[in-house]
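The structure under discussion appears below in the form of structure tokens.
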Amino acid sequence: MKTLERLIACTEVKSIIGNVNSEVSDITADSREVKKGSLFICLEGVHVDGHDYATVAADRGASVIIASKEINVSDLITVVYVEDTRKAMEDITPYFFDYPSKKMRMIAVTGTNGKTTTTHIIAHILRQQGYKVGVIGTLHWLINEEAYPIRNTTPDVITLQKILYRMEKAGVTHVSMEVSSHALSLNRIAGCEFDTAIFTNLTQDHLDYHKTMESYAETKARLFSLVSADKHSKPLKSGIINIDDSYATIMKSFVNEKTFCPVFTYGIENEADLQAINIKFSRQALSFDLKMDDITYSVHTKLVGRFNVYNTLAAIGAALSEGIRIDQIISALSTFTTVPGRFEIVDEGQPFTVIVDYAHTPDGLENILKTTREFTKGRIITVFGCGGDRDRKKRPIMGEIAALYSDIIIITSDNPRSEEPAFIISEIEDGVRKAINNGYVFSYEVLIDRRDAISHAIQIGKSGDTILIAGKGHETYQIIKDKTIHFDDREEARNIIRKCR
């Protein structure tokens, strides 16, 4: 608990009405979460203006309200007027929670694909060395193995600082965290001090928001400016970059050369500080030789696919930056299994393989299909769609990629949101037809209902085939118009296989 006087000293204030000695017990921008003694921040969003809920917050017990527009509440409540409530939130919130990121080692992973798997591999390696580890990302947030639900890959400023505060109080020593481009653009990570920044890759996604790939890349690269900033409270900073990615140079350019923040590279194709050679794949595992400092080490993991070689290399780089010996890292990697919804195999004894994966970008889908082709003796049957109210440009690209690597395509709904599923599918079909015109041989059909699409794929599956259900992975819901319904690709596939037996 802190006094308002101490909190507002962190930000620029226009005027104050009321008692600056009011004690604040919590901070929130959601009127539904207000409790007695809360500080409520009126944020202006695209669809909702927090100023409209100031009275609700007051009635629920808020002792202080921060606003940028005039509000009418009881004289018993202190009102602080500022120019920008979002900036005030970014200034005040980390201070209120005593800057928890400064008390833990913070490892941040950014990129289009691979963030979730990489953060979980890092966490596994650290746990094997006896550290208490927190994970924040697309799936959930974790304290060791205890999981909690999460809304965004990187939460808003208040939620993130609350999570970090809980982690720090629980004795967490290291946090392995996904940092999305939206989080960097909207400064959701305000008040965080990172120790290691990792770049996985950059492929087309979120162009509805960033507009161009250059803007998207520069937003991601901001993470490297943050980790190499001048004033930090913790030593031992580092940047870890996928040298095989065409945007690696941009990431490097954002590192502040005036600070001691060494950059380590990893890759397969190009010479790197951490380079994988002699890569071998199977349906159940992968192995490779790691070249580092002119020494070669043998690495074995239960992960699958070339893309997971990159994820593993990134995790090795992070672990080395934390002072873990390479033999300890390699030992930990051999016991890591998988991440929910990432190349997750659904096995109910059927004579064909069923894989559920989160692949929802062109590059992600291509990576999964290439890996699938390496071990599939029969046909590849791909079930996928694209999300509504998101980057439309990737839809035909994904349609063409599915056609290039699949024998049968079943186009269906993903999370259509406010868009009509049939319209989304028609844009995917543009890419499918392009592949047909270029002479690629495959068959495709449209089944808008996702359950029907999964059922049909399983019913036509034969011995040796692989059925890939892509796009939703770990998600247990489907968003249709203004409704969110329960839907889990893994659950659906499992139930259908059981019924067909």
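Side chains are part of it too, since the values below use all heavy atoms of this structure and drop only hydrogens, waters and symmetry mates.
Within a 6.0 Å radius of CD in E5, no more than 12 heavy atoms belonging to other residues, nucleotides or ligands are found. The number of heavy-atom neighbours closer than 6.0 Å to CZ of F260, taken from other residues, nucleotides and ligands shown, is 12 or below. Taking a 6.0 Å sphere around NZ of K234, one finds it holds more than 12 heavy atoms contributed by other residues, nucleotides or ligands.
Remark: E145 engages R127 in a salt bridge, criterion side-chain N to carboxylate O under 4.0 Å. Electrostatic pairing of R490 and D488 counts as a salt bridge here, judged by a charged N lying under 4.0 Å from a carboxylate O. The pair D489-R450 meets the salt-bridge criterion, since a charged nitrogen lies less than 4.0 angstrom from a carboxylate oxygen.
Side-chain atoms of T119 and S176 include no donor-acceptor pair closer than 3.5 Å. Using modelled atom types and a 3.5 Å distance limit, the side chains of H474 and R342 yield a donor-acceptor pair. Remark: the E491 side chain and the H486 side chain contain an N/O donor-acceptor pair separated by less than 3.5 Å. For the residue pair H124 and T335, a side-chain donor N or O sits within less than 3.5 Å of a side-chain acceptor on the partner. Counting only N and O atoms by type, the side chains of N415 and K472 include a donor and acceptor under 3.5 Å apart. Donor-acceptor pairing under 3.5 Å is lacking for the side chains of D289 and Q275. Side-chain contact, D363 with T112: no donor N or O sits under 3.5 Å from an acceptor N or O. Counted by atom type alone, T116 and Y358 present zero donor-acceptor pairs between their side chains at under 3.5 Å. Side-chain contact check for E83 and S68: no donor-acceptor pair (N or O, by modelled atom type) lies under 3.5 Å.
Checking side-chain atoms of K162 against main-chain N and O of I158 turns up no donor-acceptor pair under 3.5 Å. S38 places no side-chain N or O within donor-acceptor distance of the main-chain N or O of F40, the cut-off being under 3.5 Å. Without hydrogens or angle criteria, T117 side chain to G114 main chain gives no donor-acceptor distance under 3.5 Å. The backbone N or O of G388 sits less than 3.5 Å from a side-chain atom of R417, completing a donor-acceptor pair. Using modelled atom types, one side-chain atom of Q161 and one backbone atom of A190 make a donor-acceptor pair closer than 3.5 Å.
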Would you give me the side-chain donor-acceptor pairs under 3.5 Å for residues 308-319, sequence neighbours excluded?
residue	atom	partner	partner atom	Å
N308	OD1	N311	ND2	2.9
N308	ND2	V304	O	2.8
Y310	OH	D244	OD2	2.6
N311	OD1	T118	OG1	3.3
T312	OG1	N308	O	2.7

Checklist line | CA sep, side-chain torsions, deciding dist, call: R32, D30, salt bridge (Lys or Arg N to Asp or Glu O under 4.0 Å) | finding: CA-CA 5 Å; R32 296 166 297 184; D30 187 337; 2.9 Å; yes

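Under the side chain to side chain donor-acceptor pair (under 3.5 Å) criterion, the residue pairs touching residues 102-111 are K102-E193, R105-D195, R105-E322, T110-K220, with sequence neighbours excluded. Screening residues 246-256 for side chain to side chain donor-acceptor pair (under 3.5 Å), with sequence neighbours left out, gives D230-N256.
Within the 4.5 Å cutoff, the side chain of I189 has heavy atoms near those of the L226 side chain. Between I136 and V175 the shortest side-chain heavy-atom distance falls below 4.5 Å. Side-chain contact between T219 and H182 is absent, with no heavy atoms from C-beta onward closer than 4.5 Å. No side-chain heavy atom of F96 sits less than 4.5 Å from a side-chain heavy atom of D98. Side chains of N270 and T265 form no contact here, defined as non-hydrogen atoms less than 4.5 Å apart. With a 4.5 Å cut-off on side-chain heavy atoms, V346 and I355 do not count as touching. Using a 4.5 Å heavy-atom cutoff, the side chains of T371 and R283 are not in contact. Here the side chains of F194 and T196 are not in contact, with every heavy-atom distance at 4.5 Å or above.
Under a cutoff of 6.0 Å and an axis angle of 45°, R166 and Y148 form a cation-pi pair. Geometric assessment of K2 against the ring of Y95 yields a positive cation-pi assignment under the 6.0 Å and 45° thresholds.
Taking the six-membered ring wherever Trp is involved, the centroid distance between the rings of F224 and F254 does not fall below 6.0 Å.
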